Novice: 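So that we are looking at the same thing, I have put the structure below in structure tokens.
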Amino acid sequence: MTDISPPPDPAVPPPGRLAVGLAELAAALRFFSRLPVPRLGPADDPASPPRFATVARVIPLAGALLGLPGAAVVAAGALLHLPAPVIAVLAVAALVAATGAFHEDGLADTADGFGGGWSRARKLEIMKDSRLGSYGATALVLALLARIALLAALLEHDALTAALMLVAAGAVARAAALALVSSLPPARDTGAAAAAGRPETRSLLLGAALGLAITFALVGPVAGPGAAVAAGAAAFAAAWGVARLSLAQIGGQTGDVAGAAEQAGEVAFALALLIVLSA
């Protein structure tokens with residue numbers, strides 16, 4: 001069949017960096033959330049999946065935006081003088097709703113596979129099973145309880161710090177998870193991780209730098225630069241730990257492992273911040 005589509009119009013310039021960046025941000029938000037993201041500029045195609053080779057550089061910004069629903073709940077709860085535990089539960093619920101439990105699902109599947117399988121093949125088989133097992137349920141409950149308890153403790157310290165923590169943690173935890181998990185080979189020859197491919201090193205470095213910059217910009221002024229350093233380092237350390245565990249368990253990484261690393265990064269970020277503020 002003859003291709004009768006018109007050739008590209010040389011008079012129309014290619015999209016600029018801003019248009020490309022907005023398109024990458026929109027693609028990342030659509031992939032990581034259930035939010036209705038409008039078309040952002042001429043380079044954005046809502047039907048196209050994110051190009052992970054380069055989209056890593058904007059994932060921290062997408063993560064920060066996905067932390068805003070939780071931060072808004074914290075602000076509203078503080079204005080209404082609700083108890084800290086109530087605010088924390090509602091804020092974490094808002095975060096989970098915004099992503100459709102995207103990362104939580106990865107954590108549960110990873111825990112089920114690593115805990116329930118005796119061989120690499122069996123671990124990977126369990127991780128593909130959509131059913132929730134005892135290891136996954138336990139990991140999911142503990143992670144949610146940790147996030148709620150840490151947020152409630154930070155709320156007792158200062159509502160502004162707690163709100164900004166959610167935004168910064170969403171940025172740096174996703175940057176850390178992607179940078180460290182992507183350093184491993186895909187554990188399967190097929191699947192989301194294998195299909196997505198590895199992000200470019202430059203894109204990963206830019207994403208990591210952006211995640212840390214967001215942390216310093218938000219956490220530094222309210223908690224001090226030392227707290228920002230500790231929280232950011234803790235998120236990367238937690239993601240590194242998950243990546244090393246995944247390498248030992250299944251010889252590489254999957255999308256579920258990336259979700260588990262993100263969840264571990266969020267918990268570690270909040271814990272380190274609370275430790276510094278309580279010292």
Side-chain angles (χ1 to χ4, degrees), residues 31-34 59 63 66-67 70 88-89 91-152 166 169-170 172-196 234-272:
F31 183 80
F32 287 111
S33 79
R34 297 296 181 266
I59 280 179
L66 292 175
V89 169
V92 171
L95 294 174
V96 173
T99 63
F102 185 79
H103 303 296
E104 289 81 4
D105 180 68
L107 171 64
D109 286 343
T110 299
D112 273 335
F114 289 4
W118 290 100
S119 66
R120 176 179 178 274
R122 180 56 180 156
K123 292 176 191 291
L124 290 170
E125 181 183 355
I126 292 173
M127 290 170 70
K128 288 186 68 175
D129 193 333
S130 60
R131 292 173 294 181
L132 182 63
S134 57
Y135 288 101
T138 301
L140 188 57
V141 169
L142 289 176
L144 289 171
L145 286 175
R147 292 166 66 190
I148 290 169
L150 289 167
L151 180 56
L166 293 178
V172 76
R174 285 174 175 84
L178 186 64
L180 292 163
V181 173
S182 293
S183 67
L184 305 179
R188 300 187 185 94
D189 294 331
T190 60
F236 272 86
W240 179 86
V242 173
R244 293 303 96 188
L245 177 63
S246 182
L247 183 62
Q249 290 280 327
I250 57 175
Q253 50 86 10
T254 68
D256 287 331
V257 172
E262 192 278 337
Q263 290 286 282
E266 282 198 31
V267 171
F269 187 101
L271 178 60

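A quick note: this is a predicted structure, and the numbers were derived from the prediction, not measured. When a residue number appears, it is its place in the shown sequence, counting from 1.
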Novice: Counting only N and O atoms by type, is there a donor-acceptor contact under 3.5 Å from the side chain of Ser183 to the main-chain atoms of Leu180?
Specialist: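 Checked: pair present.
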
Novice: Hey, mind stepping through Ile59 and Phe32 against side-chain contact (heavy atoms from CB on, under 4.5 Å) and telling me if it holds?
Specialist: CA-CA 9 Å; Ile59 280 179; Phe32 287 111; 3.7 Å; yes

Novice: Going by heavy atoms in the side chains, are Val257 and Ile250 under 4.5 Å from each other?
Specialist: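 Yes - at least one pair of side-chain heavy atoms lies under 4.5 Å apart.
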
Novice: Please report the interatomic distance CG(Leu66) to CG(Leu95), rounded to the nearest 0.5 Å.
Specialist: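 Nearest 0.5 Å value for the CG-CG distance: 9.0 Å.
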
Novice: Is a donor on one side and an acceptor on the other found under 3.5 Å between the side chain of Asp112 and the backbone of Gly136?
Specialist: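 Confirmed, Asp112 side chain pairs with Gly136 backbone.
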
Novice: Taking Arg147 for its side chain and Ala143 for its backbone only, find out whether a donor-acceptor pair lies under 3.5 Å.
Specialist: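 Looks like no, no N/O pair under 3.5 Å.
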
Novice: Before you tell me yes or no, could you show the steps for Thr110 and Met127 under side-chain contact (heavy atoms from CB on, under 4.5 Å), namely the whole-Å CA-CA distance, both residues' side-chain angles and the distance that decides it to 0.1 Å?
Specialist: CA-CA 6 Å; Thr110 299; Met127 290 170 70; 4.1 Å; yes

Novice: What are the two closest non-hydrogen atoms of Glu262 and Ala177, and how far apart are they?
Specialist: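 Shortest heavy-atom separation between Glu262 and Ala177 comes out as N-CB, 3.6 Å.
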
Novice: Measure from the side-chain N and O atoms of Arg188 to the backbone N and O of Leu124, and report whether any donor-acceptor pair falls under 3.5 Å.
Specialist: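 Yes: the side chain of Arg188 pairs with the backbone of Leu124.
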
Novice: Is there a side-chain contact between Val96 and Leu144 in this structure, where contact means two heavy atoms from C-beta onward sitting under 4.5 Å apart?
Specialist: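 The answer is yes, as the side chains (C-beta and beyond) meet within the 4.5 Å cut-off.
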
Novice: Does Ser246 reach the main-chain N or O of Val242 with its side chain, forming a donor-acceptor pair under 3.5 Å?
Specialist: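 Not a single qualifying donor-acceptor pair exists.
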
Novice: Is Gln253 close to Pro185 at the side-chain level, that is, under 4.5 Å between some pair of heavy atoms?
Specialist: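 They are not in side-chain contact.
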
Novice: For Gly117, does its backbone N or O pair with a side-chain atom of Lys123 as donor and acceptor, under 3.5 Å?
Specialist: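 Yes, Lys123 side chain to Gly117 backbone: donor-acceptor pair under 3.5 Å.
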
Novice: Output yes when a side-chain donor or acceptor of Arg120 lies under 3.5 Å from a complementary backbone atom of Ala187, and no otherwise.
Specialist: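 Present.
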
Novice: Any chance you could measure Ile126, atom CD1, to Asp109, atom CG, to the nearest 0.5 Å?
Specialist: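 Result: 10.5 Å between the selected atoms.
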
